[in-house]
Amino acid sequence: MKNRTGILSTAAALVSTLTLAVAGCSSSTFSGSKTAIDYWMWDANQLPGYQQCAQDFMKENDDIDIRITQVGWDDYWTKLTAGFVADAGPDVFTDHVARYPEFQERGVLLPLDDVGPLKDLNPQEFMTGLADMWIGQDGKRYGVPKDYDTVAIMYDKNVLRDAGISEEELQNANWNPDDGGSFGKIIRHLTVDKNGKRGDEDGFDKTKIQTYGLAADPTLDYVGQTSWSPFALSTGWTHTDVPVWGTKFQYDDPRFQKTMQWYAGLTKEGILPAYGEFGEAFPADQQLGAHRAALAIAGSWMINGYDRLKDIDLGIAPLPSGPSGHPATMYNGLGDSISKQTKNPREAARWVAYLGSDKCQNVIGRQGIVFPARPAGTQEAVKAFQDRGIDVTPFTDRVERKETSRYPLTVSGAALFAKARPYFDAVWIGSKDPSTFTEMNQQMNRILKR
């Protein structure tokens, strides 16, 4: 799964096209004497697991032929939209909570409440809160949860050891927006200049950094999933006034602005890379792998990417505990949606119901790639990672302890991204003070109310 920036920045160009053609039908739906259901997904790593799910499903449902198409992330949303416009899209597709509201608003998605076996869907069978994210503002369901993601801290055990910092210190770190708490001291000490001086030593040169204490995302956005949000959320602040379908944003809250003052200030101190120093071609995992950063805030979808880094003894730590008394992470994920263009909604619903069942999600969990939306599937994933020597409880504990905050759902994600980006850029660069977010908040709330 990619970060929110990649989703939101392309959304406007894609979904606006959908208004041209959403009432047609999908392509031929019969394969011999069977009903063919076309299923699209983007993650090639998970393809074998879903192929196994399809084979198992077809053994139980010999009147349906599941045809899977895997399209790489960079082309997925463009091809999906083009397919809808040309009446040649899939019957069922992997969807994202950041995208489905705009698809739903344009009439692309089929409400699932009264379709086939999905009428009997029990939201309580999924991890806490996941099913609620797929309920539109009209009260109807537009997706069945398939997996979820949270955030934790990735590090190289060797780097911590060389710095004289124990893993327990990092795992039990605390944070506050005034001085950064023990976490602030850790990332300062882990920062090393090109002369070998650490950030808390005399003679440290903040203008010539060899290893930053904390890696940076290529850009900052209004969600901040793997950048500023773990700190802001740990103060008790939330993006919107209510957990799902908020009526107003809260970037004018002093807790958020104080957090951003601290976070952006790390750049001035040489602890966090400056705006534009590392682009899309050198994201946080590569910064850690090249020893240009000591710690990285990462989403659970990146576990295997970090584990593949060469010459890294990977460790995973919880986010630091904040003023609220505990860590806090963004919480969102993927689901399966049915196109309104499908000619076979009942057969499509049978496949979606199977995708959301223990039978399929346990298969996906055993791959050790993502955390499936059902508890049994998550436990299979935890075990699969453990078998490879990876402790992923810093990700899963947040959900079990309800130390999460849900993705801010809105039908105007692309417009909000465009409005917020210059403000976040300016604060990161240092040309504006975080008080400028009050003005941004007013403008974003106007977009929200349209």
Side-chain angles (χ1 to χ4, degrees), residues 150-176 179-206 208-217 226-228 230-231 234 262-263 266-267 269-273 277-278 282-300 302-322 326-329 382 385-386 388-398:
T150 57
V151 175
I153 294 174
M154 304 293 201
Y155 62 95
D156 182 352
K157 296 178 182 180
N158 298 317
V159 170
L160 254 63
R161 185 182 61 251
D162 292 346
I165 298 173
S166 70
E167 293 184 67
E168 289 73 21
E169 286 180 80
L170 180 59
Q171 291 165 358
N172 295 308
N174 61 70
W175 173 86
N176 68 73
D179 61 12
S182 64
F183 183 78
K185 292 179 181 178
I186 288 172
I187 57 176
R188 184 181 298 278
H189 186 68
L190 289 172
T191 302
V192 181
D193 70 15
K194 293 185 177 179
N195 294 315
K197 291 287 186 179
R198 294 191 175 274
D200 53 3
E201 292 181 328
D202 292 337
F204 170 72
D205 187 348
K206 64 183 180 181
K208 297 178 181 179
I209 303 301
Q210 180 61 41
T211 302
Y212 290 96
L214 187 62
D217 282 347
T226 54
S227 55
W228 55 264
F231 305 107
S234 75
W262 174 83
Y263 186 80
L266 296 177
T267 295
E269 300 178 55
I271 299 172
L272 182 78
E277 181 168 355
F278 299 133
F282 201 64
D285 60 322
Q286 297 304 310
Q287 294 167 42
L288 191 77
H291 301 292
R292 294 304 314 278
L295 305 180
I297 300 172
S300 54
M302 286 296 297
I303 294 172
N304 287 309
Y306 278 87
D307 188 46
R308 286 192 294 267
L309 293 173
K310 296 180 179 180
D311 302 321
I312 294 290
D313 187 3
L314 181 66
I316 305 175
L319 298 166
S321 179
H326 58 76
T329 175
V382 170
F385 282 117
Q386 285 177 339
R388 288 155 45 200
I390 306 173
D391 178 10
V392 296
T393 55
F395 291 103
T396 57
D397 281 353
R398 303 285 75 73

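Residue numbers run from 1 in the order of the sequence given.
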(request) Indicate the atoms forming the closest heavy-atom contact of Val159 with His291, along with that distance. (result) CG2-ND1, 4.1 Å
(message) I need the Ile316 CD1 to Asp307 CG distance, nearest 0.5 Å.
(response) 8.0 Å
(request) State the CZ-CG distance between Phe183 and Leu170, to the nearest 0.5 angstrom. (result) 7.0 Å
(request) Using modelled atom types only, decide if a donor and an acceptor are shared between the side chain of Asp193 and the backbone of Asn195 within a distance under 3.5 Å. (result) yes
(request) Would you give the length of the straight line joining atom CG of Leu288 to atom OG1 of Thr211, rounded to the nearest 0.5 angstrom? (result) 10.0 Å
(message) Looking at Asp200, is its backbone amide N or carbonyl O close enough to the side chain of His189 to form a donor-acceptor pair, meaning the two atoms are under 3.5 Å apart?
(response) no
(request) Ignoring hydrogens and angles, tell me if any N or O in the side chain of Thr226 forms a donor-acceptor pair with the backbone of Ala298 under 3.5 Å. (result) no
(request) Give a yes or no on whether the backbone of Leu266 and the side-chain of Glu269 come within a donor-acceptor separation of less than 3.5 Å. (result) no
(request) Before giving the answer on side chain to side chain contact (heavy atoms under 4.5 Å, CB included), spell out for Ile297 and Leu214 the whole-Å C-alpha distance, their side-chain angles and the decisive distance to 0.1 Å. (result) CA-CA 8 Å; Ile297 300 172; Leu214 187 62; 4.1 Å; yes
(request) Check Tyr306 against Ala296 and note the closest heavy-atom contact, atom names and distance. (result) OH-CB, 3.4 Å
(request) List the atom of Pro394, the atom of Ala152, and the distance in Å for their closest heavy-atom pair. (result) CB-CB, 4.1 Å
(request) Sort out for me which residue in Arg292, Gln287, Glu277 forms a side chain to side chain donor-acceptor pair (under 3.5 Å) with Tyr212. (result) Glu277
(message) On a heavy-atom basis, which atom in Ala215 and which in Leu272 lie closest, and how many Å separate them?
(response) O-CD1, 3.5 Å
(message) Test side chain to side chain contact (heavy atoms under 4.5 Å, CB included) on Phe395 and Thr329; report intermediate values, then the result.
(response) CA-CA 9 Å; Phe395 291 103; Thr329 175; over 6 Å; no
(message) Between Met154 and Ile303, is the side chain to side chain contact (heavy atoms under 4.5 Å, CB included) condition met? List the steps.
(response) CA-CA 9 Å; Met154 304 293 201; Ile303 294 172; 4.1 Å; yes
(request) In plain terms, say whether Lys194 and Asp205 are close enough for a salt bridge, that is, a side-chain N and a carboxylate O under 4.0 Å apart. (result) no
(message) Just verifying a value: how many Å separate Met302 CE and Asn304 CG, rounded to the nearest 0.5 Å?
(response) 9.5 Å
(request) Please name the pair of heavy atoms, one in Ile186 and one in Glu169, separated by the smallest distance, quoted to 0.1 Å. (result) CD1-O, 3.8 Å
(request) Starting at CG of Asp397, measure out to OG1 of Thr150 and round the result to the nearest 0.5 Å. (result) 9.5 Å
(request) Over 60° means perpendicular and under 30° means parallel, so classify the ring planes of Trp175 and Trp262, tilted if in between. (result) perpendicular
(message) For the CZ atom of Phe278 and the CG atom of Asp217, what is their distance to the nearest 0.5 Å?
(response) 12.5 Å
(message) Show the nearest heavy-atom pair for residues Asn174 and Ser182, with the distance to one decimal.
(response) N-OG, 2.8 Å
(message) Using side-chain heavy atoms (C-beta onward) and a distance below 4.5 Å, is Leu314 in contact with Asp156?
(response) no
(request) Find out whether Ile312 and Asn158 are in side-chain contact, i.e. whether some heavy atom of one side chain is under 4.5 Å from a heavy atom of the other. (result) no
(message) Is any side-chain heavy atom of Ile187 closer than 4.5 Å to one of Leu295?
(response) yes
(message) I'd like to know whether CG of Asp311 has more than 12 heavy-atom contacts from other residues, nucleotides or ligands below 6.0 angstrom.
(response) no
(request) Evaluate side chain to side chain contact (heavy atoms under 4.5 Å, CB included) for Gln286 paired with Leu309, printing each intermediate quantity in order. (result) CA-CA 8 Å; Gln286 297 304 310; Leu309 293 173; 4.2 Å; yes
(request) Taking the side chain as every heavy atom from C-beta outward, state whether Ser234 and His326 have any pair of such atoms under 4.5 Å apart. (result) no
